[in-house]
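Below, each value reflects all heavy atoms present in this structure, side chains not excepted, and no hydrogens, waters or symmetry copies. Just follow the structure's listing: the first ligand is 1, and inside any ligand the first atom is 1.
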Amino acid sequence: MAGGEKFYVTTPIYYVNDAPHLGHAYTTIACDALTRFRRLDGNDVLFTTGTDEHGQKVENSAKAAGEAPQAFCDRVSQTFRTMNTLLGLDTHDFVRTTEERHIRCATEVWNRIANNGQGDLYLGKYGYYYSIRDEAPYDESELINGKAPTGADVEWVEEENYFFRLSAWQDRLLEFYDSHPDFIGPAARRNEVISFVKAGLKDISISRTSFSWGIPVPNDAKHVMYVWIEALCVYLTGAGYPDIDSEKYNKFWPCSLHMVGKDIVRFHCVYWPAFLMAAGIPVTKRVFGHGWWTVEGQKMSKSLGNFIPPKTLVDKYGLDATRYFVLRELPFGSDGDFSHRAIVNRINGDLANDLGNLAQRVLSMIQRYCEGRVPKAGAFAVADEALLRAAHELLPKLRAEYAMPAYHRALDHLWAVVGDANRYVDEQAPWALRRSDSTRCDTVLYVLAETIRHLAMLIQPVMPTSAGKILDQLAVPGGQRDFEALAAHPLAAGTQLPRPEGVFPRY
Ligand code: ME8
């Protein structure tokens, strides 16, 4: 992947029943970093996020708050929009499931499944244990001491529902996973999904009659669509479906990547491809299930009362440090416990000591020894070439990591070069060369400035503001900050640089 591609990435849509917390911010920051990376690499990217607003839980919450459901959704949805502003998201579309465009989309998908001539949708009796908190039905075999596996209370419900004949899709799903080995990442989640499907699939109930806050089932308005079947359709809504002749749909569907937390992998990797195939719509190319942020081992959530609002972190540590921390600290895909000590260590270690110090030292020396102008390099020595090569090799390495995506490894590659550059400063000692060999001093400072330019350019997706400040201090013009400029526009000797200022303060 190196430019010219269409790329569509989605976050899950957040339940309006919750309050934005670090877990939500995590998925959103991850998608934003990927969006920025792909855009800087010359691709046309559609990035969507939004809110999931239907269902019994929302109807109940609205009632408890003394509000009409729509007014409740308007208010809570706004808190997620505010989170996006706080997190500094690049251009994106925010899709709400109560919008007309989404209702049209979900209705069309339903109709296509109902009329596909394969009997994939039928009316039947459904009895089940239901947890309002989880918004999920459970089998008796799943209950633990009369409660949902999540610990939530359940109640027995029986109603006439529409069913989706998922049982008929087992072989086709297994064939699909086989012929699309990249569909599910990381590998451990792929194996879990395949084992789940191999164990046999039951038909699933996809409508409800016990409440009304949902999208009406076409031609049978006493039913509303089960929230999950219509919520998944939001990804199509974001691409302009059902307007299949539109430029947007043709450009961006099938979707490139659904980024989701591990708890909703099954919905995205089993139900969703079956719905899409049944509706005759091409299936998304990849679903990646990331891990959870936990607090003392428990998943962060509003209902458990242990959540960390993203604003707390941004106010305390700054936006870029927060973005950096969440993407660097955990291998993307694994769980991890949040701790303030860990974020402070990252800020003081990786950012202030390693990268901040490198930039500050080098730019200050250029200011003092070279009258604040980019120095002119002489012939490169072996050590110079080694450092420049390491910097040039970053882009292909990062492309491979962002394709997974493995942000932590992308950042490891960058910080390996930060480490190389800091060692190179110590070994070359430009402060001594300044007196003994000024041509060599200029060459060393040029090599360092050029290395810092590469680092700052490639750090932009994760820390756009801080990277921008470093690029400003290197006088890199706004039009030369995409990845094509890495090779095309090296620093030009003689360019006047502004006075350097520290970019990463210690906490
Ligand atoms: O699941 N750590 O919405 P949601 C990491 N509406 N990720 C977390 C997390 C945590 N502690 N807590 C939540 C829904 N998430 C549905 C999605 S998509 C068609 C419908 C992640 O608001 C969670 O895994 O409960 C999920 O990916 C996302 O936040 C939204 O969770």
Side-chain angles (χ1 to χ4, degrees), residues 9-31 48-58 61 73 76-77 79-80 83-84 87 94-98 102 105-106 109 131-136 150 152 189 206 214-215 225-239 241 255 257-273 275-276 284 287-310 313 325-327 329-338 407:
V9 59
T10 65
T11 71
I13 45 170
Y14 302 109
Y15 274 131
V16 289
N17 216 48
D18 210 341
H21 61 62
L22 177 63
H24 305 124
Y26 187 43
T27 324
T28 309
I29 291 170
C31 288
T48 65
T49 173
T51 40
D52 190 354
E53 308 190 2
H54 289 125
Q56 184 159 27
K57 201 159 55 164
V58 176
S61 298
C73 292
V76 184
S77 177
T79 63
F80 283 95
M83 175 182 87
N84 289 355
L87 298 177
F94 192 95
V95 190
R96 301 179 54 187
T97 56
T98 51
H102 176 68
C105 170
V109 174
S131 153
I132 294 183
R133 192 182 90 185
D134 301 345
E135 201 140 332
T150 56
R189 306 243 195 274
I206 55 167
I215 300 181
M225 295 182 198
Y226 171 48
V227 66
W228 263 107
I229 182 172
E230 56 109 333
L232 288 161
C233 295
V234 80
Y235 304 131
L236 282 166
T237 307
Y241 192 85
C255 183
L257 175 68
H258 298 316
M259 190 79 89
V260 301
K262 64 178 186 178
D263 47 326
I264 56 175
V265 163
R266 193 177 292 177
F267 289 98
H268 285 79
C269 298
V270 182
Y271 299 179
W272 183 225
F275 291 155
L276 286 169
T284 295
V287 177
F288 191 94
H290 64 67
W292 284 343
W293 281 98
T294 57
V295 176
E296 287 166 10
Q298 283 208 302
K299 183 185 177 216
M300 201 178 289
S301 75
K302 182 178 160 192
S303 43
L304 294 173
N306 62 355
F307 69 97
I308 297 172
L313 297 182
F325 171 74
V326 295
L327 296 180
E329 188 68 10
L330 299 189
F332 201 65
S334 308
D335 294 348
D337 228 37
F338 176 81
Y407 305 94

Problem - Minimum non-hydrogen distance to atom 14 (C) of ligand 1, winning option of Phe307, Trp292, Trp293, Tyr15 - result: Tyr15
Exercise for the section: Could you tell me whether Tyr14 and ligand 1 have an N or O pair separated by under 3.5 Å? Expected result: no
Exercise for the section: Determine whether Arg189 and Val287 make a side-chain contact, defined as any pair of heavy atoms from C-beta on separated by less than 4.5 Å. Expected result: no
Exercise for the section: Could you check atom 1 (O) of ligand 1 against the protein and tell me its nearest heavy-atom contact, residue, atom and distance included? Expected result: Ile264 CG2, 3.6 Å
Problem - Heavy-atom neighbours of Arg133 CZ exceed 12 at 6.0 Å - result: yes
Exercise for the section: Can you sort out which atoms of ligand 1 are near Asp52, meaning under 4.0 Å from one of its heavy atoms? Expected result: 6 (N), 16 (C), 20 (C)
Handout entry: Under 4.0 Å to a heavy atom of His21 - the qualifying atoms of ligand 1, by number
Key = 9 (C), 12 (N), 13 (C)
Practice task
Identify, by atom number and element, the atoms of ligand 1 in contact range of His24, meaning under 4.0 Å from any of its heavy atoms.
Solution key: 22 (O), 29 (O)
Handout entry: Sub-4.0 Å heavy-atom contact, Asp263 with ligand 1
Key = yes
Practice task
Check the pair Tyr407 / His290 against ring pair (Phe, Tyr, Trp, His ring centres under 6.0 Å), numbers first and verdict last.
Solution key: CA-CA 11 Å; Tyr407 305 94; His290 64 67; 9.6 Å; no
Exercise for the section: Could you check if a side-chain atom of Ser77 sits within less than 4.5 angstrom of a side-chain atom of Phe94, using non-hydrogen atoms only? Expected result: yes
Handout entry: Side chain, backbone, both or neither: the part of Trp228 lying under 4.0 Å from ligand 1 by heavy atom
Key = side chain
Practice task
List every atom of ligand 1 that sits less than 4.0 Å from any heavy atom of Gly291, numbering the atoms from 1 in the order shown and giving each element.
Solution key: 5 (C)
Practice task
Using a strict cut-off of 4.0 Å, indicate which atoms of ligand 1 neighbour a heavy atom of Val260.
Solution key: 27 (O)
Problem - Distance-only N or O hit between ligand 1 and Ile13, under 3.5 Å - result: yes
Exercise for the section: Report yes if some N/O of His290 lies less than 3.5 Å from some N/O of ligand 1; otherwise report no. Expected result: no
Practice task
With heavy atoms of Tyr235 as the reference, note each atom of ligand 1 found under 4.0 Å away.
Solution key: 18 (S), 19 (C)
Handout entry: Val227 side chain reached by Asp52 side chain, heavy atoms, under 4.5 Å
Key = yes
Problem - Residues Tyr271, Trp228; criterion ring pair (Phe, Tyr, Trp, His ring centres under 6.0 Å); working and verdict - result: CA-CA 9 Å; Tyr271 299 179; Trp228 263 107; 8.1 Å; no
Problem - Minimum side-chain heavy-atom gap Met300-Trp292 below 4.5 Å - result: no
Fill in the blank from the handout: atom 9 (C) of ligand 1: of Gly336, Gly23, Gly55, Cys233, the nearest heavy atom sits on Gly23
Exercise for the section: Compute the ring centroids of Phe338 and His21, then answer whether they are less than 6.0 Å apart. Expected result: no
Exercise for the section: Indicate yes or no: does an N/O atom of Gly261 lie under 3.5 Å from an N/O atom of ligand 1? Expected result: yes
Exercise for the section: Side-chain contact test, heavy atoms from C-beta onward, threshold under 4.5 Å: evaluate it for Thr49 versus Cys31 and give yes or no. Expected result: no
Handout entry: Subset of ligand 1 atoms that lie under 4.0 Å from at least one heavy atom of Lys299
Key = 9 (C), 11 (N), 12 (N), 13 (C)
Exercise for the section: Report yes if the distance between the aromatic ring centroids of Tyr26 and Phe332 is under 6.0 Å, otherwise no. Expected result: yes
